[in-house]
Amino acid sequence: MPVDMKEIIARAALTLLTERKARKLTVKNIVEECHITRQTFYYHFEDIPHLFCWMLEQGIQKAREEAPSLKDPEPQLRYFFLVALNTMPYVKKGLESNYGRELEKLLKDHFYQMFSSLIEREDLYRNHTRSEVKLILRYHCYAIMGLLQDWTPEDTENLDQIVHLICLLITEGISPLT
């Protein structure tokens with residue numbers, strides 16, 4: 001069975017961020033960690049932000065495949081929160097690295113796409129302009145990012161209530177414009 005070089009590179013980056021606590025992740029560090037050439041790294045990834053993007057996309061894809069295929073958005077959002085909380089140590093390390101801004105943008109883009117799909121699928125906000133819907137989406141994305149960045153053990157205990165409230169805010173059309 002062929003080994004997926006992208007996976008090897010991604011695991012090396014995670015090892016450097018989590019176990020070796022590297023604050024500055026460099027291509028040199030990654031290629032040394034997985035014993036490949038720089039050329040091999042650049043064959044698979046344009047740069048480190050592209051690597052983070054790929055890693056995030058793989059995680060999102062895996063979460064979507066494992067998420068319950070229920071019509072109700074609440075169990076899906078709860079599952080997403082559980083995945084996010086389980087990967088939080090890695091995400092926090094990535095956000096603390098010199099590529100934190102790029103990773104934060106990727107996460108916000110993911111939330112935006114997730115909420116956008118929900119809004120479209122449930123036909124929400126039909127009385128709002130396209131520009132207002134974009135603002136509402138951005139508002140919810142920043143709210144979720146803020147929650148995750150300041151997550152507490154008490155929040156974990158109240159996860160079901162938090163998910164329920166977020167779903168109400170989104171699906172009932174409650175926004176900063178209402």
Side-chain angles (χ1 to χ4, degrees), residues 7 10-11 13-23 25 49 51-97 99-128 132-178:
E7 279 292 328
R11 274 187 263 135
L14 279 177
T15 297
L16 288 166
L17 286 173
T18 57
E19 294 172 17
R20 305 249 168 80
K21 301 188 187 329
R23 290 223 13 104
L25 188 62
L51 166 63
F52 278 140
C53 180
W54 183 84
M55 291 166 65
L56 183 60
E57 288 169 355
Q58 296 303 302
I60 291 167
Q61 180 63 32
K62 184 177 179 185
R64 285 184 182 149
E65 290 169 1
E66 294 174 358
S69 57
L70 303 170
K71 271 197 158 196
D72 184 11
E74 201 165 313
Q76 293 174 5
L77 186 60
R78 185 181 192 288
Y79 182 81
F80 175 78
F81 262 94
L82 290 173
V83 169
L85 294 173
N86 286 325
T87 60
M88 188 59 67
Y90 305 113
V91 172
K92 281 187 177 187
K93 289 288 183 185
L95 290 172
E96 292 169 1
S97 75
Y99 293 99
R101 289 194 189 273
E102 289 90 347
L103 185 55
E104 186 174 341
K105 182 185 179 327
L106 292 172
L107 289 169
K108 287 177 191 167
D109 289 348
H110 167 66
F111 295 135
Y112 189 93
Q113 291 171 2
M114 183 177 78
F115 292 141
S116 181
S117 295
L118 173 65
I119 287 169
E120 185 178 315
R121 186 177 71 241
E122 301 292 326
D123 194 27
L124 304 172
Y125 304 110
R126 64 181 90 96
N127 296 327
H128 290 78
E132 289 172 337
V133 172
K134 285 182 178 181
L135 177 62
I136 292 166
L137 284 169
R138 285 179 43 219
Y139 174 83
H140 288 301
C141 292
Y142 279 90
I144 296 291
M145 283 298 294
L147 279 174
L148 289 174
Q149 287 174 342
D150 294 331
W151 198 262
T152 67
E154 183 181 340
D155 293 333
T156 301
E157 291 174 17
N158 297 315
L159 178 62
D160 290 336
Q161 294 166 329
I162 291 169
V163 167
H164 181 71
L165 180 59
I166 291 169
C167 281
L168 280 177
L169 291 171
I170 296 169
T171 60
E172 298 299 318
I174 299 169
S175 74
L177 302 176
T178 55

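Values in this document were obtained by computation on a predicted structure and should not be read as measured data.
- Note that CG of Asp160 is 12.5 Å distant from CG of Leu165, once rounded to the nearest 0.5 Å.
- A distance of 16.0 Å separates NE2 in His140 from NZ in Lys108, rounded to the nearest 0.5 Å.
- Of the inter-residue distances, the one linking Arg126 atom CZ with Ile119 atom CD1 reads 12.5 Å to the nearest 0.5 angstrom.
- Rounded to the nearest 0.5 Å, atoms CD (Glu154) and CD (Glu157) are 6.5 Å apart.
- The distance from atom CD1 of Ile144 to atom CD1 of Ile166, rounded to the nearest 0.5 Å, is 3.5 Å.
- The shortest side-chain heavy-atom distance between Glu120 and Tyr125 does not fall under the 4.5 Å cut-off.
- The minimum heavy-atom distance linking Ser116 with Leu137 is given by the pair N-CD2, 3.5 Å.
- Note that CG of Leu25 and CG of Leu14 are 9.5 Å apart. Values are rounded to the nearest 0.5 Å.
- The two residues Ile162 and Asp155 have their closest heavy-atom pair at CD1-O, 3.6 Å.
- The shortest non-hydrogen separation linking Trp54 to Ala10 is CZ3-CB, 3.8 Å.
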